[in-house]
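First up is the structure itself, then whatever we jot down about it.
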Amino acid sequence: MLAAITDRTRVVFVCNPNNPTGTAVRRAELERFLAAVPEHVLVVLDEAYKEFVTDPEVPDGVEYTRTRPNVMVLRTFSKAYGLAGLRVGYAVAPEAIADALRQVYVAFSVNMLAQVAALASLDAADELLERCKEIVAERGRVRDELIAAGYQVPETQANFVWLPLGDQAVPFAEHALDRKLVVRPFAGDGVRVTIGTREENDLFLAAAREFSPRTA
């Protein structure tokens, strides 16, 4: 990404944890990148899945907005807070960037119901963190079970796991759908699977164990 930056580049996005793989950029690597990015380039750290991060080496991007004038962080209430349908999130940035953002954002893009729900969610932080802990525990169990079943699954810091299935991504998704399970295939690349309840995850794991290229 750094090598792709030119004099014409104005913005680069770093999704941390990444979507759809769930992998994360750790502090040392991110700081080397930020130090090398020219000052005229805005670095946007997309941290939609921050609440699910358990690796202490994955930094909180907000700290960089206090020391670097060209860093902005995006967060959302769609994931850990469960407000996906309301489409509400926020940005944290140095004052100059925030002022520029106010000039171009879509006015009234967050309705009153979404604002009320977001504020209520902030008051339920303990409940939120408990739910995140449950998802993180299931995330680890599902990954371990998939690896035991022969799948290659990268370490994930999000609320999903990634199966790099290549050409078998779409057949795998069809196999899951036949069992009334919906996963997200990326044709020719892999499949993203959101972590649900233990019962839901067990149904998925059973389907994953049944799958082979011959079933496609």
Side-chain angles (χ1 to χ4, degrees), residues 15-26 46-58 60 74-89 117-118 120-122 124-216:
C15 191
N16 201 30
N18 185 55
N19 182 13
T21 64
T23 52
V25 179
R26 290 170 172 80
D46 183 342
E47 296 185 341
Y49 302 95
K50 173 63 179 172
E51 291 82 2
F52 301 103
V53 172
T54 56
D55 185 343
E57 289 303 310
V58 178
D60 183 335
L74 301 181
R75 298 277 179 86
T76 180
F77 286 87
S78 293
K79 312 302 180 185
Y81 289 89
L83 302 183
L86 296 179
R87 316 308 297 170
V88 55
S121 295
L122 293 175
D126 291 342
E127 180 182 345
L128 162 74
L129 293 176
E130 192 61 35
R131 188 168 65 220
C132 288
K133 288 179 182 177
E134 293 173 1
I135 292 174
V136 166
E138 277 295 288
R139 176 183 76 190
R141 183 180 75 89
V142 169
R143 179 172 182 261
D144 289 344
E145 292 282 352
L146 288 170
I147 291 174
Y151 291 90
Q152 295 181 354
V153 186
E155 182 181 354
T156 173
Q157 292 291 309
N159 65 334
F160 50 79
V161 293
W162 172 254
L163 307 182
L165 294 173
D167 292 340
Q168 290 299 308
V170 172
F172 182 94
E174 293 172 346
H175 168 83
L177 191 59
D178 287 342
R179 288 150 182 79
K180 297 182 173 58
L181 300 168
V182 179
V183 299
R184 176 74 183 276
F186 294 76
D189 198 356
V191 176
R192 189 188 70 186
V193 184
T194 299
I195 300 299
T197 65
R198 187 178 184 89
E199 293 76 15
E200 291 167 339
N201 297 333
D202 284 342
L203 291 173
F204 164 72
L205 288 169
R209 294 187 190 101
E210 296 170 356
F211 179 80
S212 74
R214 293 189 299 277
T215 66

Closer than 3.5 angstrom, by distance alone: can the side chain of Asn201 be matched with the main-chain N or O of Gly196 as a donor-acceptor pair?
yes
Salt bridge present between Arg141 and Glu138 (N-O < 4.0 angstrom):
yes
Please determine, by modelled atom types, if Gln157 and Asp55 share a side-chain donor-acceptor pair under 3.5 angstrom.
no
Taking C-beta and beyond as the side chain, do Asn19 and Tyr49 meet within less than 4.5 Å on heavy atoms?
yes
Side chains of Phe52 and Phe160 in contact at under 4.5 Å (non-hydrogen atoms):
no
Within-4.5 Å side-chain heavy-atom neighbours: Asp46 and Asn16
no
Contacts of type salt bridge (Lys or Arg N to Asp or Glu O under 4.0 Å), residue Arg75, not counting sequence neighbours:
Glu47, Asp60
Does Gln168 reach the main-chain N or O of Leu165 with its side chain, forming a donor-acceptor pair under 3.5 Å?
no
Given 3.5 Å as the limit, does a donor-acceptor pair link the side chain of Arg139 with the main chain of Ile195, or not?
no
State, yes or no, whether a side-chain contact exists between Tyr81 and Thr76 at a heavy-atom distance under 4.5 Å.
no
Tell me if the CG atom of Asp167 is crowded by more than 12 foreign heavy atoms within 6.0 Å.
no
Residue pairs passing the salt bridge (Lys or Arg N to Asp or Glu O under 4.0 Å) test where at least one lies in residues 144-162, sequence neighbours excluded
Arg26-Glu155, Glu145-Arg209
Can you confirm whether Leu86 sits close enough to Phe77 that some side-chain heavy atom of one is under 4.5 Å from a side-chain heavy atom of the other?
no
